[in-house]
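See below for the structure under consideration.
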Amino acid sequence: MSDPQAPDAPKPTGKVTLYLVRGIIVLMGVFVLVSVGMSLLTRASGPSAAQVSAMLAAEAKYNVRIQRDTYGVPHISGPRDADVAFGLGFAHSEDDFATIQETALTSRGQLAAVTGKHGAVTDYIARLLQVRETVDAGYDKLPADVRQVVEAYADGVNYYAALHTAQAAPGMLPLTGKDVVAGFVFKTPFFYGLDSTLAKLNAPADGPNKKLPVGSNGIAIAPSRSADGATRLLVNSHQPYTGVVAWYEAVLDSGEGWHVAGGFFPGSPFMLHGHNAHLGWANTVNKPDLIDVYRLTLNPANDNQYKLDGQWKAFEVTDAALKVKVFGPITITVHKPVLRSAFGPVMKTAQGAFAIRYAGMGEVRQVEQYYRLDKARDLAEWRAAMGLQALPSINYIYADEKGNIGYVYNAQFPNRKAGVDWSGVLPGDRSDLIWNGYLPFSQTPQIWNPKSGYVFNSNNTPFDATAPADNLKPADFPATMGIQTDMTNRAYRVEETFGADPKITADTFAAYKFDLAYSKRSKVAGVIAELVALDPQGYADFAHAQQILKAWDLKTDVHNRGTALAILTAQPVLTAREKGEPVDLRAALTASIKTLKTHFKRIDPEWGELNRIRRGDVDLAIDGGPDTYRAVYGKPEKNGTLTATAGDTFIMFVTWDAKGQLSSQSIHQFGSATSVPDSPHYADQTKMFVAMKLKPVWFTADQLKGHVEEDYKPRDRAPKQ
């Protein structure tokens with residue numbers, strides 16, 4: 001039952017990156033260094049000569065070839081899966097070792113030793129969620145082939161680091177297979193909103209801490225809906241442009257059948273979405289209710305005890321001994337207790353003591369599921385991999401060479417007790433509210449080969465995933481699953497583009513992907529209608545602004561003169577409403593008018609004057625906007641412009657023609673050299689990305705011929721003796 005005195009139930013948000021975790025530092029009072037015990041100062045150190053020697057020697061175990069194509073994308077081949085994993089670890093490190101290192105330090109709970117006090121919150125969360133304990137308990141239970149791949153990937157990263165020891169943070173090396181697994185254990189709960197729950201529990205009691213979802217798109221078109229009988233798949237996750245969940249493109253080809261092309265995260269040996277030789281899938285974030293928060297009753301005589309079933313029960317207490325960088329190589333050790341209850345992790349806040357229970361607790365098999373998905377050869381094998389149910393959330397849009405298409409609203413749905421309102425904060429004194437296990441995969445919402453010939457998701461409800469006649473029915477799923485019911489502008493636009501076209505061609509498929517419009521049913525359109533209806537009260541600029549908004553065609557092309565005013569006004573309004581904060585529409589429009597007049601001398605500048613993508617020396621106008629199908633999210637700059645930082649990133653079109661022949665195209669917002677500014681591939685795809693063009697994916701060895709820029713083995717990068 002809900003607790004009327006508790007804050008509103010913390011709910012998952014949309015697309016989440018680990019950078020949001022860092023924002024919790026503003027809210028969490030867990031690190032005031034002067035108020036906790038500290039050890040003596042210690043000096044951080046790098047790897048020993050023996051460690052470096054061992055990391056270099058490990059290369060001899062692997063036989064791998066790395067070929068970089070015209071765009072610097074690595075094509076990695078070898079006799080064994082382990083060889084390919086080693087090569088991927090090395091190649092990705094060449095392009096972005098800094099972020100792979102950050103990923104490892106974060107999941108270890110060692111970030112503060114490198115970044116200082118701002119990393120301490122993330123480190124504490126890693127301890128609170130028992131990431132390392134989870135990995136230690138489950139690692140040896142993973143299948144041997146999975147462990148072999150993650151360890152080979154770690155060896156590849158280590159080999160690069162041993163050749164470039166100056167780039168390695170103190171205490172970082174060597175990376176291990178357990179570190180690779182820990183990255184998945186730590187990250188996956190944040191994709192459905194665990195970070196927002198932690199932040200909200202620590203927020204002031206006067207309001208929630210929410211953000212508008214960033215979002216993703218995925219759509220699959222069956223032969224029956226294609227003009228040419230082809231099967232088409234759009235892979236279009238929206239991510240930050242840089243950081244620990246920014247996409248990296250690679251092609252892997254192993255003699256043991258691991259042949260994939262698509263997107264990888266720093267620290268991941270596995271293709272997370274894209275295609276293999278037979279099938280492919282796209283991912284989008286979903287938002288089922290996978291988190292339960294319990295208000296605990298503490299013992300007034302001993303606040304290390306809580307009431308459960310009428311008895312006082314002691315917390316499990318451990319010490320998060322966190323190393324925090326002070327200056328240079330000097331660190332201090334900060335001691336903070338970590339509490340755990342029968343429900344799960346515990347946080348003591350200004351609002352009280354709360355326990356959380358969430359999907360993915362104790363789960364270590366994420367790597368196994370991704371590996372099995374990568375190597376699935378048909379729909380049956382792919383569904384068997386999904387049946388492992390190791391991934392706590394994420395939608396899947398599927399297509400294959402046989403013309404099958406499908407949608408899975410994937411989640412580890414808690415096996416909750418019926419007849420309880422799980423939507424609010426729950427009483428923490430009842431053991432009958434501690435759920436164990438998950439509903440079987442067969443009960444997961446999914447649609448396969450609908451008569452309509454298409455399935456899609458744009459972070460919207462699974463009850464709008466295809467044509468109305470083929471959609472799932474809410475009544476068929478219990479309320480305890482907490483399935484979302486919301487829509488996004490992008491979902492509306494799918495219905496108005498792909499969904500309205502019974503014979504989709506290759507050209508229209510691309511045109512619909514790069515759609516720049518807001519639906520008349522969207523929240524943005526609703527805000528604009530509210531603004532236009534206001535009384536201008538004799539303010540000439542206000543009346544002029546209303547005329548611009550009334551004439552706006554709801555599109556976000558770079559030459560559009562209504563978009564800047566509309567988006568600058570509507571987005572703050574929508575953000576405030578998401579937070580449950582009061583909104584002054586007149587003040588919002590007035591502020592936008594002032595901003596535009598100050599920086600652009602008019603209130604209707606072209607959208608491209610504001611909306612920019614910047615990378616090194618590249619500074620270009622870019623079409624699109626928040627929650628459009630061509631999604632662009634910008635960070636405000638002092639000069640009034642916006643610098644794109646998230647949204648469309650790695651995009652892939654996958655096609656099986658009427659004969660089942662595979663081809664694919666892709667584009668990245670920057671290039672393969674993620675953090676190497678002096679590389680020719682640091683921003684070589686940006687102009688094509690802005691022009692909404694794609695490049696070929698040379699998937700096979702024959703296709704790659706004539707397009708190889710570099711061909712080498714990792715040992716070729718070692719200094720000559």
Side-chain angles (χ1 to χ4, degrees), residues 58-69 73-95 100 142-160 175 177 180-181 184 248-281 365-378 381-382 384-385 388 400-401 652 654 662 664 666 672 697-705 707-708 710-717:
E59 187 272 343
K61 298 188 297 183
Y62 303 102
N63 178 13
V64 61
R65 181 184 188 185
I66 301 172
Q67 295 171 286
R68 290 189 179 267
D69 68 24
V73 175
H75 296 245
I76 303 165
S77 58
R80 303 174 303 150
D81 291 355
D83 298 321
V84 168
F86 177 85
L88 175 63
F90 183 83
H92 199 168
S93 295
E94 289 186 295
D95 291 323
I100 294 174
L142 290 170
D145 62 336
V146 176
R147 285 183 277 118
Q148 186 177 47
V149 166
V150 297
E151 288 164 9
Y153 178 86
D155 283 345
V157 175
N158 288 333
Y159 185 69
Y160 174 86
L175 188 74
V180 175
V181 174
F184 287 86
Y248 179 74
E249 182 180 8
V251 180
L252 310 183
D253 190 3
S254 159
E256 294 179 334
W258 188 20
H259 190 188
V260 294
F264 298 75
F265 282 162
S268 168
F270 306 109
M271 186 270 288
L272 303 180
H273 68 181
H275 68 86
N276 63 27
H278 308 285
L279 54 87
W281 65 89
R365 299 171 300 134
Q366 298 92 338
V367 288
E368 179 182 358
Q369 182 163 344
Y370 277 121
Y371 188 32
R372 303 297 182 235
L373 290 172
D374 276 12
K375 296 193 70 172
R377 293 168 294 182
D378 54 33
E381 290 187 0
W382 190 88
L388 290 173
D400 68 25
E401 63 187 349
M652 180 174 269
V654 187
L662 168 68
S664 58
S666 67
S672 64
V697 174
W698 295 298
F699 184 60
T700 67
D702 285 343
Q703 291 170 348
L704 184 59
K705 288 178 181 177
H707 305 289
V708 177
E710 291 185 279
D711 190 341
Y712 60 98
K713 291 180 176 292
R715 69 174 67 101
D716 297 334
R717 300 302 208 204

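Atom set for the values below is all heavy atoms of this structure, side chains included, hydrogens, waters and symmetry mates excluded.
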Test log, rule side chain to side chain donor-acceptor pair (under 3.5 Å), inputs E249 and S672:
CA-CA 7 Å; E249 182 180 8; S672 64; over 6 Å; no

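- Remark: D81 engages V149, S254, E256, W258, Y371, K375 in a side-chain contact (heavy atoms from CB on, under 4.5 Å) (not counting sequence neighbours).
- At a threshold of 4.5 Å between non-hydrogen side-chain atoms, the residues I76 and R65 do not count as touching.
- Rounding to the nearest 0.5 Å places NE2 of H707 at 7.5 Å from CG of L704.
- Taking a cutoff of 4.0 Å between a charged side-chain nitrogen and a carboxylate oxygen, D95 and R68 qualify as a salt bridge.
- Not a single side-chain hydrogen bond (donor to acceptor under 3.5 Å, both in side chains) links S77 to another residue, sequence neighbours left out.
- A cation-pi contact, defined as under 6.0 Å to the ring centre and within 45° of the axis, links R717 to Y712.
- Residue D374 comes nearest to W281 through the heavy atom pair OD1-CH2, 3.7 Å, listed as atom of the first residue, atom of the second, then distance.
- Residues Y153 and F270 fail the side-chain proximity criterion, which asks for heavy atoms closer than 4.5 Å.
- A distance of 12.0 Å separates CG in D69 from CG in D711, rounded to the nearest 0.5 Å.
- Among residues two or more places apart in sequence or in another chain, the ring pair (Phe, Tyr, Trp, His ring centres under 6.0 Å) test is passed with H259 by F699.
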When the side chains of residues 82-92 are checked against the rest of the protein, which donor-acceptor pairs come out under 3.5 Å, sequence neighbours left out?
unit_1, atom_1, unit_2, atom_2, d
D83, OD1, N63, N, 3.1
D83, OD1, R80, NE, 3.3
D83, OD1, R80, NH2, 2.7
D83, OD2, R80, N, 3.0
D83, OD2, R80, NE, 3.2

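- Side-chain contact between H75 and I66 is absent, with no heavy-atom pair separated by less than 4.5 Å.
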Verdict with reasoning, L662 to H275, per side-chain contact (heavy atoms from CB on, under 4.5 Å)
CA-CA 10 Å; L662 168 68; H275 68 86; 3.7 Å; yes

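- Residues satisfying the ring pair (Phe, Tyr, Trp, His ring centres under 6.0 Å) test with H273, not counting sequence neighbours, are W247.
- Using a 4.0 Å cut-off between charged side-chain N and carboxylate O, D702 and K705 make a salt bridge.
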May I have the step-by-step check of side-chain contact (heavy atoms from CB on, under 4.5 Å) for L142 and V367, ending in yes or no?
CA-CA 9 Å; L142 290 170; V367 288; 4.0 Å; yes

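- Donor-acceptor pairing under 3.5 Å is recorded for the side chains of H278 and E401.
- Taking CD of E710 as the start and CD of Q67 as the end, the distance is 11.0 Å to the nearest 0.5 Å.
- For the residue pair Y62 and R715, the shortest heavy atom distance occurs at O-NH2, 3.9 Å.
- Residues S664 and V654 share a closest heavy-atom pair of CB-CA, 4.2 Å.
- Across W382 and L373, no two heavy atoms sit closer than the pair NE1-CD2, 3.3 Å.
- Nearest heavy atom pair, residue N276 against residue A376, reads ND2-O, 2.8 Å.
- A distance of 11.5 Å separates CD of Q366 from OG of S268, quoted to the nearest 0.5 Å.
- Sorted by first then second residue, the salt bridge (charged side-chain N to carboxylate O under 4.0 Å, His left out) pairs that include residues 142-156, not counting sequence neighbours, are K61-D155, D145-R372.
- When all heavy atoms of P269 and L252 are compared, the pair lying nearest together is O-CD1, 4.1 Å.
- Here the CZ-CG distance, from R377 to D400, works out to 14.0 Å after rounding to the nearest 0.5 Å.
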